[in-house]
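Notes for the one structure printed next.
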There are 2 protein chains.
Amino acid sequence: MRSIPKQLVDLEISFRKSGLKITHQRLEIYRELSMAIDHPTADMLYQRLRDKLPTISLDTVYRNLITLESHGLVNKVGTTESMARFDAKKEKHHHLFCRKCGMITDFELPLINKISLPDELNDWGKIENTNLTVYGVCKNCLKTN
Amino acid sequence: MRSIPKQLVDLEISFRKSGLKITHQRLEIYRELSMAIDHPTADMLYQRLRDKLPTISLDTVYRNLITLESHGLVNKVGTTESMARFDAKKEKHHHLFCRKCGMITDFELPLINKISLPDELNDWGKIENTNLTVYGVCKNCLKTN
DNA sequence: CTTGATGCAAATAGTTTGCAGGCTC
DNA sequence: GAGCCTGCAAACTATTTGCATCAAG
């Protein structure tokens with residue numbers, strides 16, 4: 001268990017600032033997530049919460065994750081996309097991802113292999129590939145917005 | 001259009017080596033993907049292929065993408081996961097992703113901000129965040145396999 | 001001819017939504 | 001008391017699968 005982060009203490013304040021009501025479910029969802037170290041899925045959180053909140057529903061978990069994410073209190077790990085996307089390139093490359101239009105642009109960064117990864121990674125297992133994803137808003141979306 | 005990569009020429013050989021039959025659909029799916037620069041989804045590829053192959057079905061596209069991916073001829077961009085995963089950490093961090101068990105482990109890498117990104121990225125738009133994802137197989141999966 | 005590949009349709013799985021009642025402020 | 005929030009059930013959407021047929025080796 002990761003120690004409870006400071007922001008959990010201030011959570012009610014954050015919720016209020018964002019105009020979010022402080023419901024039992026919402027607090028517990030956040031508490032459970034902030035103590036987890038394994039990047040749970042919505043369903044995993046749901047299962048864990050049923051002890052404390054036997055009547056909570058899976059869609060409440062989903063709705064709260066979306067709400068909390070839009071207020072910057074929670075992160076979605078991995079891709080922002082719901083659909084899988086592919087490429088046929090064999091060369092190593094990295095991605096620029098526009099969070100508005102979803103456009104993915106490639107770029108090369110040979111230097112990435114020169115970065116020395118933390119020692120702890122050597123203990124983790126076999127490393128096969130390293131990908132840098134840069135998130136932001138592309139020029140076109142900056143213009144039209 | 002990206003120029004046709006050399007491996008397309010050798011594709012039939014690669015297919016044979018992998019024990020894959022060389023079907024009209026499979027070749028066209030790969031050809032279409034290798035010439036695309038926009039990381040299409042399965043459905044986007046399907047739409048594009050209907051000109052040449054009016055009878056092709058969406059599930060054939062899906063099946064071939066999976067097959068080609070498992071033979072290392074195609075990459076899935078973004079996450080390997082079908083399910084969204086979350087965390088409540090506010091600090092920037094990076095991920096170790098085990099392609100066998102799906103476990104995600106965090107690590108810190110403050111140096112990442114010191115990396116000078118290619119100049120072309122300055123023209124791309126507004127950069128907000130940078131995430132390094134390291135793919136591989138975790139120690140536990142190496143053992144049990 | 002043998003086996004894997006295809007196309008169709010139906011099934012899944014994760015996620016989202018409509019609605020009526022409940023709880024926070 | 002007003003409006004956001006919840007739980008239930010049903011809808012959606014991307015993806016996968018069963019099955020009979022077809023084509024590559």
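The analysis underlying the following values was restricted to heavy atoms, covering all of them including side chains, and did not include hydrogens, waters or symmetry mates. Each chain gets a letter, A, B and so on, in the order the sequences are listed, and its residues count up from 1.
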- Message: Just verifying a value: how many Å separate B/I127 CD1 and A/Y135 OH, rounded to the nearest 0.5 Å?
- Response: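 Answer for the CD1-OH pair, B/I127 versus A/Y135, is 13.5 Å.
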- Message: Is the ring pair B/H39/A/H95 parallel, tilted or perpendicular, if the boundaries are 30 and 60 degrees?
- Response: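 Taking A/H95 first and then B/H39, their aromatic rings stand perpendicular (interplane angle over 60°).
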Round to the nearest Å and state the distance from [X] atom [atom1] to [N] atom [atom2].
| X | N | atom1 | atom2 | result |
| --- | --- | --- | --- | --- |
| B/Q47 | D/dA14 | CD | P | 11 Å |
| B/E28 | C/dA5 | CD | P | 17 Å |
| A/K76 | C/dG14 | NZ | P | 14 Å |
| A/I29 | D/dT6 | CD1 | P | 7 Å |

For a 4.5 angstrom cut-off between non-hydrogen side-chain atoms, does [X] reach [Y]?
| X | Y | result |
| --- | --- | --- |
| A/L45 | A/L65 | yes |
| A/F107 | A/V134 | yes |
| B/I22 | B/R26 | no |

- Check the pair A/S57 / A/D59 against side-chain hydrogen bond (donor to acceptor under 3.5 Å, both in side chains), numbers first and verdict last. CA-CA 5 Å; A/S57 69; A/D59 33 284; 3.3 Å; yes
- Looking only at atom types and distance, does a side-chain atom of A/N131 sit under 3.5 Å from a main-chain N or O of A/H93, one as donor and one as acceptor?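 It does hold such a pair.
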- Query: Do any of residues 19-26 of chain A sit with a heavy atom less than 4.0 Å from DNA chain D, and if so which?
  - Reply: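 DNA chain D contact set from residues 19-26 of chain A: A/K21, A/T23, A/Q25, A/R26.
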- Using five base pairs at each end, measure the axis-to-axis angle across the helix from C/dC1-D/dG25 to C/dC25-D/dG1 and round it to 10 degrees.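 About 40°, once rounded to a multiple of 10°.
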- Item | Residues A/E28, A/K52: salt bridge by 4.0 Å N-O rule |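 Answer for the salt bridge query: yes.
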- Message: Near DNA chain C, counting only heavy atoms under 4.0 Å, which residues of residues 58-68 of chain A show up?
- Response: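 Heavy-atom contacts with DNA chain C come from A/L58, A/D59, A/Y62, A/R63, A/I66.
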- More than 12 heavy atoms from other groups under 6.0 Å of CG on A/N122: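 Enclosed.
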- Apply side chain to side chain contact (heavy atoms under 4.5 Å, CB included) to A/I29 and A/I56, showing your working. CA-CA 10 Å; A/I29 287 167; A/I56 199 172; 4.2 Å; yes
